[in-house]
K.L.:
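The structure follows.
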There are 4 protein chains.
Amino acid sequence: MQSRRPAARTGRPRSAAADAAILAATREALVELGWSKLTLSDVATRAGVAKTTLYRRWAGKNELVVDAVAELFDELELPDRGSLAADIEGVVLQFAAILDRPEAKSGLMAVVAESTRDDALRARIRTSIVDRQKRLVMEGRVRAQKRGELPGDNDPAQAARSADLIFDMVAGAVVHRTLVSARPADEAWVRDLTRLLVLGLAGAARAS
Amino acid sequence: MQSRRPAARTGRPRSAAADAAILAATREALVELGWSKLTLSDVATRAGVAKTTLYRRWAGKNELVVDAVAELFDELELPDRGSLAADIEGVVLQFAAILDRPEAKSGLMAVVAESTRDDALRARIRTSIVDRQKRLVMEGRVRAQKRGELPGDNDPAQAARSADLIFDMVAGAVVHRTLVSARPADEAWVRDLTRLLVLGLAGAARAS
Amino acid sequence: MQSRRPAARTGRPRSAAADAAILAATREALVELGWSKLTLSDVATRAGVAKTTLYRRWAGKNELVVDAVAELFDELELPDRGSLAADIEGVVLQFAAILDRPEAKSGLMAVVAESTRDDALRARIRTSIVDRQKRLVMEGRVRAQKRGELPGDNDPAQAARSADLIFDMVAGAVVHRTLVSARPADEAWVRDLTRLLVLGLAGAARAS
Amino acid sequence: MQSRRPAARTGRPRSAAADAAILAATREALVELGWSKLTLSDVATRAGVAKTTLYRRWAGKNELVVDAVAELFDELELPDRGSLAADIEGVVLQFAAILDRPEAKSGLMAVVAESTRDDALRARIRTSIVDRQKRLVMEGRVRAQKRGELPGDNDPAQAARSADLIFDMVAGAVVHRTLVSARPADEAWVRDLTRLLVLGLAGAARAS
DNA sequence: CCTTAAGCGAGACGGTACGTCAAGTCTTGCG
DNA sequence: CGCAAGACTTGACGTACCGTCTCGCTTAAGG
């Protein structure tokens, strides 16, 4: 999660409790203050930790917030609800629920914005957050193929392109709905989204 | 664009040139420095204007950047390319091109992130940027209905919901592709996106 | 009092009332705010006058305050109380009373401090304020000589030196008492001061 | 000299060198710029210190200048020259020499002016500067009494009043001579001042 | 068990930007 | 041309965080 140190074997080991306290304090501060007013001094105080301890483990605000937010997405999973549409609805609702929490709202978009000028940060976001979700898309696709809801992949490259597209559309739609349009991604909306998507996929399967 | 003052007729009038210079300087600074390293002092210097002049017209960094970025979207338009799919492709490519510019990338997501904690800012974003694009969706819908590509609106409320959904999906997908996935929203990708969407709409029209 | 303009005969003449209003407003602001927090904008507002009008007549804060304070000293006079000691006591009490007013306290020392680095300002202070008081010393001396309380001036240069010394001692003592020691220059104190001074002068007269 | 903190034993200790550098830089800036153009930013730069360091130790310009000027008066002492008159002359010349230095001229009167509206500042001036000098008056008085030049104190309250008066007269005269009259408090002038004072004191002793 | 190297808290440090304020100038339109 | 109004440039203000540093103390592993 944080910078790997190459096997320091002597000296006092780092407190494991501090990490958890810091990440929790970060989320708490995100809720209360939002990204732009969050300060590392404040986080350190909340965590009952010195500023130096914090800087020893994270390079700065961006990295810290990525890790703090990433933990929120660990709870995402893909339950088997019996059909492609139901599976999608389930996972999208989970995603929307996470994104509706203020610590995710405030933090996630901000680090994405920062990542437009910081490749290392973008890589960290991808590793810690995005790829974790994309895995769900792949699993859902395989599961739907087993069920016969989607055709098998004749062309693997085409399959990857399709997965990327679906992922951008679904994740993008939820984010846009939640943050830009500022309206809730509730069950009705998710049902409409899923319906449009599944119909599109079905049409594409017929056409190909 | 900035706060309207109710017709002050006495005293020296505000320099109109300064507004343009400031917004241009803001975009320039966004390109070079990105959102988080952009400072109002620097913008003022670039614009050849005093910091106080800047604060007299905008409440802060957020408001300024919204206005600076909003001007980028003024060039969006919906050319008639003969079919719904072609129209969508055309406008999405325009949107993607704007979003690919560094001043838009850096600035837009940052103010969206800020807006999660600032209702006035969100309203400003909506007025200055979002609604301008949504108008294109409405126009495209009407045009497609005239062509017979889409059924007429039996239920206006349902039509609005549908337009909102499409807008969130398309805009969200482009944003997610560009900023999160960090891959270009090029013609091939846009064609795939459009195809999936049009098939979905067609399927929905059949089903209803 | 203010900068002399050499007979402008065309255009709208300057409002004479404005001068008085500005100086009164300056004293009022001195009372309320003190020297360092007094601003020319505020003075202009109080006087119901534009800032430009103020700058057209005074070069800056220092000059304005000198003139505003100088008017306070116009009321000083040397009443004939029948003896040197009584005359001194009378005028010193008057001086102490003026110096006790907050607009004098705040303003006078500040401009004196400024004048250590500004010869023109020092000259203005001397002309407008100091020499007006020193005249009283000279008058008192002559009057005492007429009464036979002091010997005539055999040596005019020595007489001038003596007058200067007395002036510095008396004025300096009152200022120091009032501002530095921050205790009132009341009747008892003035009587002690006068007694010491008159005894000294008498001793000097005997010794020469 | 600055605010006493009650023995903080944790954290990085304050640099002692910084204090000296800041006070020296303040005096240097007073010489070059005078009180009103002295800025704390400039002082910080001269001292090779961050502005925050300066504000951490002094509340503002006034407090800083008081301390910077106070150090100048540390060199004052009362040498035993054998007679009351000679002792007075000696110490007055020292005082005049200090007051003639531009950093004292510029700074001292300004803070006195400010102190008319700031009781804490006046107390600081009194503690750091005034009382240090007044001690010299008391010592001189005792020494003269031992020599038989002045009568013993029958009435202690009267003695204190007398000492206060002498102090205000002498210090006030030197200040007035130097700053208001703007003429040097040289040996001849100091001799005249001392003579008048000693004659007055002698007369008072005879009369009582 | 005892050295020893790192972790740790506290908080001072040099910086940079903030948003505000006052100084003094300039630009309007009105009288 | 005087004047009121108010926008303008300039530059200092005092504050807040940044990320680094210097202390003195604590803590575990390894000799």
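Below, chains carry the letters A, B, ... as their sequence lines are ordered, and counting in each starts from 1. Note that the coordinates shown come from a computational prediction; the quantities given were computed from them, not determined experimentally. Values below: every heavy atom of this structure, side chains too, minus hydrogens, waters and symmetry copies.
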K.L.:
To the nearest Å, give me how far apart CG (L33(D)) and P (dA12(F)) are.
P.N.:
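Answer to the nearest Å: 10 Å.
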K.L.:
Starting from C1' on dA12(F), measure out to CZ on R46(D) and report it in whole angstrom.
P.N.:
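In whole Å, dA12(F) C1' lies 15 Å from R46(D) CZ.
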K.L.:
Check every atom of dC8(E), dG14(F), dA4(F) against the side chain of Y55(D) and return the nucleotide holding the closest atom.
P.N.:
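Within the option list, the nearest is dG14(F).
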K.L.:
Under 4.0 Å between a side-chain N/O of S41(D) and OP1 or OP2 of dC13(F), yes or no?
P.N.:
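S41(D) to dC13(F) OP1/OP2: side-chain N or O found under 4.0 Å.
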K.L.:
Please determine if D19(A) and R14(A) form a salt bridge, counting it only when a charged side-chain N lies under 4.0 Å from a carboxylate O.
P.N.:
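So D19(A) does not pair with R14(A) through a salt bridge.
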K.L.:
Using atom CD of E63(A) as one end and atom P of dC18(F) as the other, report the distance to the nearest whole Å.
P.N.:
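Rounding to the nearest Å, CD of E63(A) and P of dC18(F) are 13 Å apart.
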K.L.:
Please state whether the phosphate of dA5(F), meaning OP1 or OP2, lies under 4.0 angstrom from any side-chain nitrogen or oxygen of R14(B).
P.N.:
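No, R14(B) has no side-chain N/O under 4.0 Å of OP1/OP2 on dA5(F).
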K.L.:
Which is more 5' along DNA chain E, the nucleotide nearest G48(A) or the one nearest A59(B)? Just name the residue.
P.N.:
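Taking each residue's closest nucleotide, the earlier one in sequence belongs to G48(A).
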K.L.:
Assign each of A16(D) and K61(B) to its nearest nucleotide of DNA chain E by heavy atoms, then name whichever residue's nucleotide is nearer the 5' end.
P.N.:
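That would be A16(D).
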K.L.:
Kindly point out which of dC13(F), dA7(F), dA23(E) is positioned nearest to the side chain of R56(B)?
P.N.:
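The answer is dA7(F).
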K.L.:
Starting at atom CH2 of W58(D), determine the distance to atom P of dG14(F), rounded to an integer number of angstrom.
P.N.:
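Distance check: W58(D) CH2 to dG14(F) P gives 15 Å.
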K.L.:
Determine: side-chain N/O of S15(B) to OP1/OP2 of dA7(F), distance under 4.0 Å, yes or no.
P.N.:
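No, S15(B) has no side-chain N/O under 4.0 Å of OP1/OP2 on dA7(F).
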K.L.:
Between L54(C) (CG) and dG6(F) (C1'), how many Å, whole number?
P.N.:
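Whole-Å distance recorded here is 16 Å.
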K.L.:
Rounded to the Å, how far apart are L38(C) CG and dC21(E) P?
P.N.:
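From L38(C) CG to dC21(E) P: 17 Å.
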K.L.:
Report the nucleotide, chosen from dG7(E), dT20(F), dG9(E), that has the shortest atom-to-atom distance to any side-chain atom of R12(A).
P.N.:
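Comparing dG7(E), dT20(F), dG9(E) against the side chain of R12(A), the answer is dG7(E).
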K.L.:
Taking atom P of dC8(E) as reference, at what distance in whole Å does atom CD1 of I22(A) sit?
P.N.:
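One finds 8 Å between P of dC8(E) and CD1 of I22(A), rounded.
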K.L.:
Record whether the side chain of K51(D) comes under 3.5 Å of the base of dG15(E) through a donor-acceptor pair of N or O atoms.
P.N.:
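Checked by distance alone, the answer is no.
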K.L.:
Within less than 4.0 Å of OP1 or OP2 of dG6(F), is there a side-chain N or O belonging to T10(B)?
P.N.:
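T10(B) to dG6(F) OP1/OP2: side-chain N or O found under 4.0 Å.
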K.L.:
Any Lys/Arg nitrogen of D42(A) or R46(A) sitting under 4.0 Å from an Asp/Glu carboxylate oxygen of the other?
P.N.:
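Yes.
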K.L.:
Could you walk me through whether R27(A) and E71(A) pass salt bridge (Lys or Arg N to Asp or Glu O under 4.0 Å), step by step?
P.N.:
CA-CA 10 Å; R27(A) 283 188 290 269; E71(A) 287 191 348; 2.9 Å; yes
K.L.:
The side chain of P13(B) is closest to which nucleotide in this list: dC8(E), dT28(E), dA12(E)?
P.N.:
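My answer, after comparing the listed nucleotides, is dT28(E).
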K.L.:
Salt bridge or not between E32(C) and K37(C)? Use side-chain N to carboxylate O under 4.0 Å.
P.N.:
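Looking at K37(C) together with E32(C), the answer is no, because their closest N to O distance does not fall below 4.0 Å.
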K.L.:
Please compare T53(B) and L40(A) by the position of their nearest nucleotide in DNA chain F and report the one closer to 5'.
P.N.:
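Mapping each residue to its closest nucleotide by heavy atoms, the 5'-most match is T53(B).
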K.L.:
Select from K37(A) and D42(D) the residue whose nearest nucleotide in DNA chain F is closer to the 5' end of that strand.
P.N.:
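Checking each residue's closest nucleotide, the 5'-ward one belongs to D42(D).
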K.L.:
Identify whether NZ of Lys or CZ of Arg in K61(D) sits under 6.0 Å from the centre of the six-membered ring of W35(D) and within 45° of that ring's axis.
P.N.:
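The answer is yes, since K61(D) meets both limits relative to W35(D).
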